[in-house]
Amino acid sequence: MTSGLWELVLRGMWTTVRLLVFSAALGAVVAFAVGIARIHRRWPVRFLAGCYTEVFRGTSALVMIFWVFFVLPPAFGWQLVPMWAGTLALGLTYGAYGAEIVRGALGAVDPAQKEGGIALGFTPGQRLRRILLPQAVPEMIPPFSNLLVELLKGTALVSVMGMGDLAFSGNLVRLALQESAEIYTYVLLVYFVIAFLLTRLMRGLEHRLKAGLR
């Protein structure tokens with residue numbers, strides 16, 4: 001490939017990484033907010049959180065991208081750039097899956113730990129911060145690692161908006177060179193390397209959290 005085509009692929013990789021970081025950050029905020037709301041003592045809060053989870057888990061991420069990019073902006077009289085439309089759609093969708101991870105991990109904490117917090121006079125917020133989350137977060141890391149890799153692969157969906165991510169850039173290079181096997185092999189390898197680095201990073205974070213807990 002020429003230097004210009006390599007530059008196009010590198011720009012696409014950088015766009016994919018940025019989209020991954022932004023949507024993962026939004027997804028993490030959504031996951032913890034909705035996951036904690038799922039175990040709230042007030043049933044309306046649990047009900048609304050459950051509705052959110054079911055809606056976003058039950059809809060296609062691709063259709064959600066279309067909806068956020070083509071349907072939502074005209075309804076409010078403004079336009080989203082593809083990066084933020086992709087971030088919003090992917091963050092909200094994968095955040096719903098993450099919320100179930102948070103809910104499950106919090107629910108798996110030994111009930112005796114919760115009862116101990118009550119006996120010490122902790123408020124619900126204090127029990128959450130001092131007892132539940134420190135024990136639950138290390139258990140969330142492995143499923144969050146898998147979800148992060150799935151989110152990485154989901155970033156390729158934004159190419160339907162004409163966004164110059166890695167998949168879109170790779171396809172442009174393929175059309176320019178008329179060479180599918182070589183280009184798509186490069187793209188697959190780049191996705192694999194990013195996913196491998198993510199899993200190693202998450203595994204290191206898991207070990208540090210568990211060591212701190214011990």
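This chain uses plain numbering: 1 for the first residue, then up along the sequence.
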Are any of the side-chain nitrogens in R174 or E182 under 4.0 Å away from the carboxylate oxygens of its partner? no
Indicate if L188 and L175 have the same hydrophobic cluster label, given that clusters are the connected sets of ILVMFWY residues with side-chain heavy-atom separations under 4.5 angstrom. no
Apply side-chain contact (heavy atoms from CB on, under 4.5 Å) to the pair Y184 and N171, showing each step before the final yes or no. CA-CA 8 Å; Y184 285 138; N171 192 51; 2.9 Å; yes
Would a 4.5 Å heavy-atom cut-off, applied to side chains only, mark T16 and L152 as touching? yes
State plainly whether one hydrophobic cluster holds both V149 and L19, where clusters connect Ile, Leu, Val, Met, Phe, Trp and Tyr through side-chain heavy atoms under 4.5 angstrom apart. no
For A156 and Y191, the nearest pair of non-hydrogen atoms, with its separation, is CB-OH, 3.7 Å
Between A96 and V30, the two heavy atoms sitting closest are N-CG1, 4.5 Å
Hey, mind stepping through L133 and F32 against side-chain contact (heavy atoms from CB on, under 4.5 Å) and telling me if it holds? CA-CA 10 Å; L133 284 176; F32 276 92; 4.2 Å; yes
Would you indicate whether F196, at its atom CZ, is surrounded by more than 12 heavy atoms from other residues, nucleotides or ligands within a distance under 6.0 Å? no
All heavy atoms of A31 vs all of V102, minimum pair found to be O-CG2, 3.7 Å
Spell out, yes or no, whether M163 and L62 are grouped together once hydrophobic residues are joined by side-chain heavy atoms under 4.5 Å, including indirect joins. yes
As an exercise, state the distance from CD of Q126 to CG of L132, rounded to the nearest 0.5 Å. 12.0 Å
Keeping the roles fixed (side chain from R46, backbone from R38), state whether a donor-acceptor pair exists under 3.5 Å. no
So which atom in L8 and which in L172 form the shortest heavy-atom distance, rounded to 0.1 Å? CD2-CB, 4.0 Å
From L147 CG over to Y94 OH, what is the distance, rounded to the nearest 0.5 angstrom? 7.5 Å
Are the side chains of Q113 and R127 in touch, meaning some heavy atoms are under 4.5 Å apart? no
CD1/I194 to OG1/T155 distance, rounded to the nearest 0.5 angstrom? 8.0 Å
With the side chain counted from C-beta on, respond yes when L197 and L201 share a heavy-atom pair under 4.5 Å apart, and no when they do not. no
Verify, without hydrogens or angle tests, whether S145 (side chain) and M202 (backbone) share a donor-acceptor contact under 3.5 angstrom. no
Enter the distance from F66:CZ to L157:CG here, rounded to the nearest 0.5 Å. 9.0 Å
Hydrophobic clustering (ILVMFWY, side-chain heavy atoms < 4.5 Å, transitive) - are L10 and V187 grouped together? yes
Between F122 and R129, does a side-chain contact (heavy atoms from CB on, under 4.5 Å) hold up when you go through it step by step? CA-CA 10 Å; F122 287 173; R129 293 193 307 271; over 6 Å; no
Could you tell me if the side chain of L88 sits less than 4.5 Å from the side chain of I65, heavy atoms only? no
Using every non-hydrogen atom in the two residues, find where M161 and G86 come nearest and quote the distance to one decimal. CE-N, 3.9 Å
Salt-bridge test for K153 and E150: reply yes if a basic N is under 4.0 Å from a carboxylate O, no otherwise. yes
Straight-line distance of D165 CG to T15 OG1, nearest 0.5 Å: 7.5 Å
Cluster link V160 to M83, ILVMFWY, side chain under 4.5 Å: yes
For a 4.5 angstrom cut-off between non-hydrogen side-chain atoms, does T199 reach L148? no
Smallest heavy-atom separation, Y97 atom then T93 atom, equals CD1-O, 3.3 Å
Does a side-chain heavy-atom distance below 4.5 Å link S23 with L151? yes
Pairwise ring pair (Phe, Tyr, Trp, His ring centres under 6.0 Å) hits with a residue in residues 34-61, at least two apart: Y52-F56
Carefully, step by step, assess W67 and L72 under the rule side-chain contact (heavy atoms from CB on, under 4.5 Å). CA-CA 6 Å; W67 195 84; L72 185 62; 3.9 Å; yes
CD1 of I141 to CZ of F144: how many Å apart, nearest 0.5 Å? 7.5 Å
With salt bridge (charged side-chain N to carboxylate O under 4.0 Å, His left out) as the criterion, how do E100 and R103 come out once you've worked through the C-alpha distance, each side chain's angles and the decisive distance to 0.1 Å? CA-CA 5 Å; E100 287 300 285; R103 181 190 64 82; 3.1 Å; yes
Heavy atoms from other residues, nucleotides or ligands near CZ of R18 exceed 12 (cutoff 6.0 Å): yes
